[in-house]
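Right, one structure below, let's go through it.
On a predicted model such as this, the values are computed, not experimentally measured, just so you know. So you know, we letter chains A, B, ... as the sequences are listed, proteins then strands, and number each from 1.
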Amino acid sequence: MQNGKNGTLVEVRDLAKTFKGKNGKDVAAVKGVSLDIRQGEIFSLLGPNGAGKTTTISMISGLLAPTRGDARIGGYSITRQGIDAKKLIGVVPQEIALYPTLTARQNLEFFGRMYSMGGAELTKRVDEVLDFIDLTDRQHDKIETFSGGMKRRVNIGVGLLHKPRLLYMDEPTVGIDPQNRRRVLDTVKRLQSEQGMTVLYTSHLMEEVQEISDRIAIIDHGQIIAGGTLGELIQQIGEEDRIFLKVGAAAISEAQLAQLRRSVEGVTKATHDRREIKGEDDAVVDVDGVITVLAKRGRKALPPLLQAAEEADITVLSVEVREPDLEAVFLHLTGRALRD
Amino acid sequence: MRKIWAIARNDLRIIFREKDIWINLIVIPVILSFVIGYANGAGRVASAPEAPDVIIDVIDGDGSATSQEFLAALRAANPNFVLCPADNDDGDRCELGGAAFDAALAETRLRDQTALALLDIPAGFGTDLAAGQNVEIIYRSNENATAPSFILQAVQVSVQRLGASIVAERVGTAAALTAPGLTLDEGEQAALKSDIRSRASDLLAAQSSYVNEVVSETAGTQTNPGSGGFSQSTPGMASMYVMFAVFPAAVAFMTERQQGTLQRLVTMPITRWQLLGGKLLARFLLGMLQYSIVFAFGYLVLGVRFGNDPLALLLTMIVFTLCITALTLALATLLRSEAQASAVTLLLTLTLAPLGGAWWPLEIVPDWMRTLGHVSPVAWAMDSYTSLIFYNGSLATVLPYIGVLAGMAAVCFAFGVARFRIE
């Protein structure tokens with residue numbers, strides 16, 4: 001086992017996956033992803049649902065065979081030396097991949113045996129993992145009796161059993177309450193700080209990616225569209241603030257938006273999004289309109305912007321200013337919000 | 001191998017956590033073995049398995065020496081045959097209860113299954129046979145599906161034997177009378193005829209293999225005709241419940257795929273063979289346990305004897321269970337949801353089992369259906385069990401059946417392994 005140059009643990013090169021669609025045509029889920037993950041870092045893949053995060057992680061973990069390209073984990077090719085590569089990785093899938101009628105301990109022991117562990121070594125390691133995920137007192141309870149958060153913790157525990165050098169975590173906070181989400185994020189940070197573990201983390205939630213990641217790759221439509229540290233990514237969009245002007249149902253013309261752009265110094269972009277809010281019978285009950293303005297030094301630009309809006313006959317209902325973040329980076333790169 | 005065993009043990013642990021597992025493994029198959037066996041006539045016949053009387057009512061409308069000769073041949077064909085009312089004794093073997101035997105009573109006895117068959121020998125039977133004319137014995141069986149076939153075979157053999165001795169008498173006498181220089185008066189001719197027929201009868205009777213040859217068209221000498229009900233239902237129900245035990249693996253594959261544990265296993269350092277091997281080993285062991293439970297009940301409670309070749313019996317059990325396990329793998333690659341898998345495997349079990357003779361012996365169904373039935377692995381397994389249980393078959397006898405099952409297993413395994421996908 002060896003690392004690549006500059007302490008690189010994972011090297012992904014031109015990884016691609018094509019599926020057969022329902023109409024028989026090829027659908028490219030991942031279109032040639034390349035990335036490097038360094039030993040000991042938390043590396044996040046950020047992208048909206050359906051961007052190709054899970055497909056990418058499935059190929060790197062050996063679950064899916066790539067249509068093209070390869071990934072090397074600690075020097076082992078996932079396509080040609082799969083068993084050796086898999087020994088180095090722990091996988092925490094998005095869904096709770098556990099046997100519900102078995103106890104937490106039985107689940108951990110079984111999966112531990114898949115890593116050739118047994119006897120006293122396995123018992124000791126299961127005890128350690130149960131302690132780490134804080135479920136020692138519930139170890140003999142069946143998984144089906146656990147809360148969502150507790151199941152998540154066992155799900156993570158299985159990935160840690162054999163002390164992997166690399167841990168894949170695929171959207172591990174989906175569907176859990178804020179308290180358990182906090183717990184998962186803290187666990188990830190502890191794994192890095194206490195055990196020096198390398199973590200590949202996927203999420204569509206920019207707040208958590210922003211919080212835990214050393215480096216981030218943004219993926220959309222099966223391609224990496226940007227990568228680097230948070231600071232490096234924000235630099236790509238010129239550190240502009242975003243100003244959201246809520247305008248309700250009012251119709252906003254392109255001429256009005258152009259007036260906003262012209263009238264205020266530092267404004268680089270002004271777009272209007274109109275969202276229909278539907279009731280139970282699918283009838284439109286309200287319309288929510290927002291003008292998004294990108295501006296350098298947003299707080300300083302706000303007074304003239306509001307004045308320009310008034311002059312352009314735009315009634316502003318409320319205002320919000322946000323400093324540059326991953327959401328803004330994604331919006332800048334794709335023209336869409338991450339949550340769209 | 002350790003990982004294969006770990007996967008199998010884990011699956012068995014999950015299976016035995018199911019609430020109704022013991023009901024499915026023990027209670028229902030055991031009850032069905034008893035009920036189906038009883039329905040197949042075991043209740044009456046198996047009550048005295050050591051010396052089962054096979055009661056056959058005879059209306060001898062001819063009452064000739066020839067008809068008596070025919071009945072004697074029938075008695076000789078199977079020592080358990082009791083030809084009533086002629087063979088009745090003080091112990092009332094014919095179960096007449098003192099009633100006068102006539103056609104109406106015979107009809108009733110056939111209907112209520114006191115007699116397994118009724119033979120009606122018409123008047124003129126002896127003279128017609130002696131004259132070389134066609135004769136007709138009316139043979140009627142009751143609704144018991146399992147027992148009459150061997151009676152009918154014995155009747156046919158006895159008629160053939162009688163016919164053969166008469167042919168010998170006619171041919172021999174004719175040859176003697178045409179021999180140059182030989183003249184016989186009527187008394188001498190009658191003595192000659194009687195002598196030739198007697199010798200022919202003795203020769204035919206001495207050929208003990210004669211009856212066996214007829215029966216051996218299917219499997220050899222029938223050694224256990226009386227316990228047909230339970231001897232049929234025990235391997236039949238056991239084989240069906242092996243399918244009920246093993247086929248759910250197809251559903252389990254869907255469940256594991258849905259809950260993500262199958263995908264999780266693929267991301268671990270185990271080979272595809274270890275994964276499939278472990279999963280299938282669990283179901284194979286469950287199938288063997290199912291066989292063992294029903295066979296043990298059959299042996300200890302129902303008095304079923306499984307022949308004299310335990311190795312052949314064990315091999316049949318193993319290869320049939322392997323075949324069903326392989327079929328399960330093949331099915332799992334074709335099915336797309338748990339609901340679909342549940343429905344298809346249930347339908348398949350309830351089709352393959354009766355088609356293959358698990359509910360009733362294939363001997364009673366038309367030839368075309370018997371041929372069609374051998375599409376089912378159950379038919380080949382039942383052929384093997386029938387040979388071992390009823391005809392004292394050996395490994396050499398049942399090897400062809402085992403071979404076919406092994407072939408089916410190989411084809412299904414190859415298909416399943418080639419098509420099996422995790423994603």
Quiz item: Do you know which of B:Gly278, B:Pro269, B:Gly260 has the most heavy-atom pairs under 4.5 Å to chain A?
Solution: B:Pro269
Quiz item: Is B:Tyr299 atom OH crowded by more than 12 heavy atoms from other residues, nucleotides or ligands, each under 6.0 Å away?
Solution: no
Exercise. Find the distance between CZ (B:Arg17) and NZ (A:Lys142) and round it off to the nearest 0.5 Å.
Key: 5.5 Å
Quiz item: Under a 4.5 Å heavy-atom cut-off, does chain A meet the side chain of B:Thr271, its backbone, both or neither?
Solution: both
Quiz item: Are any side-chain N or O atoms of B:Arg2 and backbone N or O atoms of A:Arg113, one a donor and one an acceptor, separated by less than 3.5 Å?
Solution: no
Exercise. In sequence, state the C-alpha distance, the side-chain angles, and the governing distance for A:Gln106 and B:Ile14, and then conclude on side-chain contact (heavy atoms from CB on, under 4.5 Å).
Key: CA-CA 10 Å; A:Gln106 285 168 341; B:Ile14 292 166; over 6 Å; no
Self-check item: Top contributor to chain B interface from A:Gln94, A:Glu95, A:His162, A:Lys86 [non-hydrogen pairs under 4.5 Å]
Solution: A:Lys86
Quiz item: Taking the side chain as C-beta and beyond, is there a heavy-atom pair between B:Gln259 and A:Leu98 under 4.5 Å?
Solution: no
Self-check item: Heavy-atom check, side chain of A:Phe110 versus side chain of B:Leu265, under 4.5 Å
Solution: yes
Self-check item: Part of A:Ile96 within contact of chain B (heavy atom distance under 4.5 Å)
Solution: backbone
Self-check item: Region of A:Ser58 in contact with chain B, defined by heavy-atom distances below 4.5 Å
Solution: neither
Self-check item: Separation of A:Thr101 OG1 from B:Arg13 CZ (nearest 0.5 Å)
Solution: 10.0 Å
Quiz prompt | Pairwise side-chain contact, A:Ile83 with B:Ile270, heavy-atom cut-off 4.5 Å (strictly under) | solution = no
Quiz item: In Å and rounded to the nearest 0.5 Å, what is the CD1 to OG1 distance from A:Ile60 to B:Thr267?
Solution: 13.0 Å
Quiz item: Can B:Glu256 and A:Tyr99 be counted as having a side-chain donor-acceptor contact under 3.5 angstrom?
Solution: yes
Quiz item: Between the side chain of A:Lys87 and the main-chain N/O of B:Met268, is any donor-acceptor distance below 3.5 Å?
Solution: no
Quiz item: Is B:Lys3 reaching over with its side chain to a backbone N or O of A:Met114, donor-acceptor style, under 3.5 angstrom?
Solution: yes
Quiz item: Under a 4.5 Å heavy-atom cutoff, which of A:Gly118, A:Ala85, A:Pro93, A:Gly62 has the most pairs with chain B?
Solution: A:Pro93
Quiz item: Do A:Phe111 and B:Thr261 come close enough that some side-chain heavy atom pair is under 4.5 Å?
Solution: yes
